[in-house]
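All values below were derived from every heavy atom in this structure, side-chain atoms included, with hydrogens, water molecules and symmetry-related copies excluded. Throughout, a chain's letter reflects where its sequence line sits, starting with A, and its residues are numbered from 1.
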Protein chains: 2
Amino acid sequence: MLSTSLTATEFNFPRLNPTGVHIHVHDPATISLPLTEDFSTFYYNQTLDHFNYRPDSYITFPQRYVINFKYWGGANAPIFVYLGAEAPIDGDLRGIGFLTENAALFNALIVYIEHRYYGESVPFGSWEEALNNTSTIGYFNSAQAIADYAEIIIHIKRQFLAKNSPVIVIGGSYGGMLASWFRLKYPHVALGALASSAPILYFDNITPQSGYYSLVTKDFREVSDTCYETIKNSWSEIDKVTSLPNGLSILSERFNTCKPLNDSFELKDYLDSMYSGAAQYNAPPRYPLLIEGNKSCHVNGPTNISETTVGWRWQTCSEMVLPIGRGNDTMFPPYPFDLEIYSKFCNKLYGVSPRPHWVTTYYGGHDIKLVLQRFGSNIIFSNGLRDPYSSGGVLDNISDSIVAVPTVNGSHCLDILRSNETDPDWLVNQRKEEIKIIKNWIDKYYADLGAMLFK
Amino acid sequence: MLSTSLTATEFNFPRLNPTGVHIHVHDPATISLPLTEDFSTFYYNQTLDHFNYRPDSYITFPQRYVINFKYWGGANAPIFVYLGAEAPIDGDLRGIGFLTENAALFNALIVYIEHRYYGESVPFGSWEEALNNTSTIGYFNSAQAIADYAEIIIHIKRQFLAKNSPVIVIGGSYGGMLASWFRLKYPHVALGALASSAPILYFDNITPQSGYYSLVTKDFREVSDTCYETIKNSWSEIDKVTSLPNGLSILSERFNTCKPLNDSFELKDYLDSMYSGAAQYNAPPRYPLLIEGNKSCHVNGPTNISETTVGWRWQTCSEMVLPIGRGNDTMFPPYPFDLEIYSKFCNKLYGVSPRPHWVTTYYGGHDIKLVLQRFGSNIIFSNGLRDPYSSGGVLDNISDSIVAVPTVNGSHCLDILRSNETDPDWLVNQRKEEIKIIKNWIDKYYADLGAMLFK
């Protein structure tokens, strides 16, 4: 076992980097909602390695995808495909409202595809085996994942006689990156993409390292200058108490920790993740989000290490290198991202080095407006500007059809989550605008299709 | 050794399929031209596997690229990059006139990059080792090759402080496919592509199987109905003679073969490749091309098996499955492409099966106008309509900036070869049109760049 048995602190992992903790799309609570019988589960015999012809490239694994036929109009009606991200797909079936709530308007088929190496879509027979060493975990990356999506969508279109159906791919956070990249790499498979809260510019130092934590800081300061000052001063206060005799006991008691604190880092890291989480998921109707509100103790209680924690750690240690650090301009202690330390940590953990420039080599990102204003089409980049990840998002229109739909008060992936009667107007309108744009893509496509078929 | 020691006939290989024989861009004679000192050779430490993180993915190999600095204006001046195809790059340095002849007009840097597994750009230390088995040859494919090109171009731009230089990629035949695919997959690396004689639609039955041989037939018939009739009737004539006592001796003598014929297939196959080659390379000023004109004997003389023959056989047996067959409408005996036989042959030869749908899955091709009329930009598809491969080319404009530049009388890759005083007007004009289009891309780019830098 490479990674699940190791804890971050053992290797001085920069855990304050929030990517491992906070990139979830939705509230885990939604996972427990009941699933209607409209959802049918399928498995596709997926190629392990799309980019090689070694004998072991031909190994296949069952990849899970789920279809909801309830609204499907058949013939050339659209297909909405949710691209799974760094988690099992189960939660998305309930949590992502965008597909089920808008399918009726389009008579659309709804598809959810699970990302390789998560949930039931794990090669080599088991999660343990798949993550066992770099020979088995090495196929776990985004280029292989979007090639999986291409194969499955092509398969579904053939299977359900939907050759000419326009496909719209939808994803949030990491899945939003995949959606926008999918449209760019596979325009012949997807007509358009809705990329919600996708920090595609948080690579290779396109975005300043401090972007994430500067926004967390801004969020707090906008609500209360006092709150901001208190947090800003708290770190040295914690250090001061720590240096007292019995300092850690005092802190443990004061913060009602589940176990006595081992060091002050444990507490600071916890507070960091609470503040960041509150900023990132600061959603109506009850902002700020209450995290751990009803727990009997805090900071270092038992946590179950999820597939997401383990899987995303590998992904960030191989290609998804988001250099999130902190300068002097936040309410947090400075903590610059150090690629050398990061690489050493990853190397110790997995035996291979990250490729920090690969994402921009393969997908681009630098000078994105210059590159895409005359290339590509049909991508919506939606962001909530209170989401710290929006610092790495596309916030301005790139062209007529590669557009930004930001909301001033929004947080992470709000637009694609289940709608709610209490949703504020700006959120309702954001979703309406997205639907209008997508409808426009599809209308144009049908006109083009008609011109082709009946010329 | 997997492939070099095996002859095609041993495995009933459909050798009449011309892809293995005739996809060369230029006359091998040009290779012997002298090379000026303007060319400097470099080696890039290339990643063996861009799409995996197995330990052996991190193996690197020296990849050769050649730069001509003679016309380079520095600063933001353009970079012309010739994308190597299924041969060592040496011949292209001399044979491809398009770059050296037009660089002065653009003050362009000229770069030629050798394709992995050819020439000096072979991993695993040697050609023999690299092709030894599927564990080493498996990395030999187009997706890896264009990722190589992306890495090297990014490296060159950094190295020569040319971050904002527009890059135009140029290729012919298979290399032309790579050029167009490169622009589609890496728009952030290349501003535009000139894809000469690129049969990107000859996959997955987008183009009728017979396309190639129908055009060969048309070429001959247009010149002479008698010639066409003679060839059309010759096959049964050969069969008739073969069935005589001493039939093969009679044929051997009549065709002045280098060795006595073993069977009539040997002769027919030779004639097929002569006719196809004459059609494909039918170039001014002396059409038809004289092949083997000054040889003392014919058909089965000693041939040296080139890297191209061996390498391209692997490529066509893995992903570059061009289903070229013949129906009843050509001057050749019918010979349909049979994917099952083809796969069996490849499997026997390499131990792995071809992936005949992969090219269209990864690069597209079906309904290309519908897909690209509102996506992508800046690709020229040039074709000579007498080139049998033009049957699988893009012959009509797709959009304002994805355009076709065909010539009625042209043959394979003529436009990018060295120009000649005797070149007919239509060829001179084709090249002028291409330059005009490229200049327009670059002008627009500079305007966009200026707007970005000085906003």
Side-chain angles (χ1 to χ4, degrees), chain A residues 47 49-58 134-141 143-144 147 150-151 154 163-164 183-189 191 314 318-319 350-353 355 357-358 360-378 401 444-445 448-449 452, chain B residues 47 49-58 134-141 143-144 147 150-151 154 163-164 183-189 191 314 318-319 350-353 355 357-358 360-378 401 444-445 448-449 452:
Chain A
T47 307
D49 191 345
H50 301 279
F51 304 102
N52 209 322
Y53 293 84
R54 298 166 56 107
D56 45 4
S57 310
Y58 283 77
T134 38
S135 292
T136 52
I137 205 175
Y139 305 87
F140 181 4
N141 60 65
Q144 301 280 2
E151 281 208 16
I154 290 170
K163 178 180 174 299
N164 290 324
R183 169 60 181 161
L184 287 174
K185 294 288 189 194
Y186 296 88
H188 48 287
V189 183
L191 175 71
W314 158 257
S318 48
E319 61 170 358
Y350 300 107
V352 299
S353 294
R355 294 176 180 168
H357 308 295
W358 174 245
T360 52
T361 298
Y362 194 53
Y363 300 112
H366 292 284
D367 299 328
I368 193 168
K369 183 166 168 92
L370 187 63
V371 171
L372 296 185
Q373 65 186 331
R374 297 186 195 278
F375 183 96
S377 57
N378 300 1
S401 73
K444 270 195 184 143
Y445 170 81
D448 292 343
L449 180 68
M452 186 189 80
Chain B
T47 307
D49 192 345
H50 301 279
F51 303 102
N52 209 320
Y53 293 84
R54 298 168 56 108
D56 46 4
S57 310
Y58 283 77
T134 38
S135 291
T136 52
I137 205 175
Y139 305 86
F140 182 4
N141 60 66
Q144 301 280 2
E151 283 209 14
I154 290 170
K163 178 180 174 297
N164 290 323
R183 169 62 182 160
L184 288 172
K185 294 287 189 195
Y186 297 89
H188 49 288
V189 183
L191 174 70
W314 158 257
S318 47
E319 61 171 358
Y350 299 107
V352 298
S353 293
R355 293 175 178 168
H357 308 296
W358 173 246
T360 52
T361 297
Y362 194 54
Y363 300 110
H366 292 284
D367 298 329
I368 192 166
K369 184 168 171 90
L370 186 63
V371 171
L372 296 185
Q373 67 186 330
R374 297 187 195 276
F375 182 96
S377 57
N378 299 1
S401 73
K444 271 194 182 144
Y445 169 83
D448 292 343
L449 180 68
M452 186 188 81

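- The shortest distance between side-chain heavy atoms of B/Asn52 and A/Asp49 falls below 4.5 Å.
- B/Lys163 and A/Asp367 are joined by a salt bridge, as a carboxylate oxygen and a charged side-chain nitrogen come within less than 4.0 angstrom of each other.
- Highest contact tally toward chain A, considering only B/Gly365, B/Ser135, B/Ala150, B/Ala147, is held by B/Ser135 [criterion: heavy-atom pairs under 4.5 Å].
- For the atom pair A/Thr134 OG1 and B/Tyr53 OH, the distance stands at 13.0 Å (nearest 0.5 Å).
- For the residue pair B/Tyr139 and A/Arg54, a side-chain donor N or O sits within less than 3.5 Å of a side-chain acceptor on the partner.
- By the 4.5 Å heavy-atom criterion applied to side chains, B/Lys369 and A/Met452 are not counted as neighbours.
- For the pair A/Lys185 and B/Tyr363, the cation does not sit on the ring face, since its NZ or CZ is not both under 6.0 Å from the ring centre and inside 45° of the axis.
- A 4.5 Å side-chain heavy-atom check between B/Lys444 and A/Arg374 finds at least one atom pair inside the cut-off.
- Inter-residue side-chain proximity for A/Phe51 and B/Glu319 is flagged as unmet; no heavy-atom pair is nearer than 4.5 Å.
- Here the side chains of A/Tyr362 and B/Tyr186 are in contact, with some heavy-atom distance below 4.5 Å.
- Stacking of B/Arg355 on the aromatic ring of A/Tyr58 is recorded, both the 6.0 Å distance cut-off and the 45° axial limit being met.
- For a residue to count as touching a neighbouring chain, one of its non-hydrogen atoms must lie under 4.5 Å from one of that chain's; by this rule B/Asp56 touches chain A with the side chain only.
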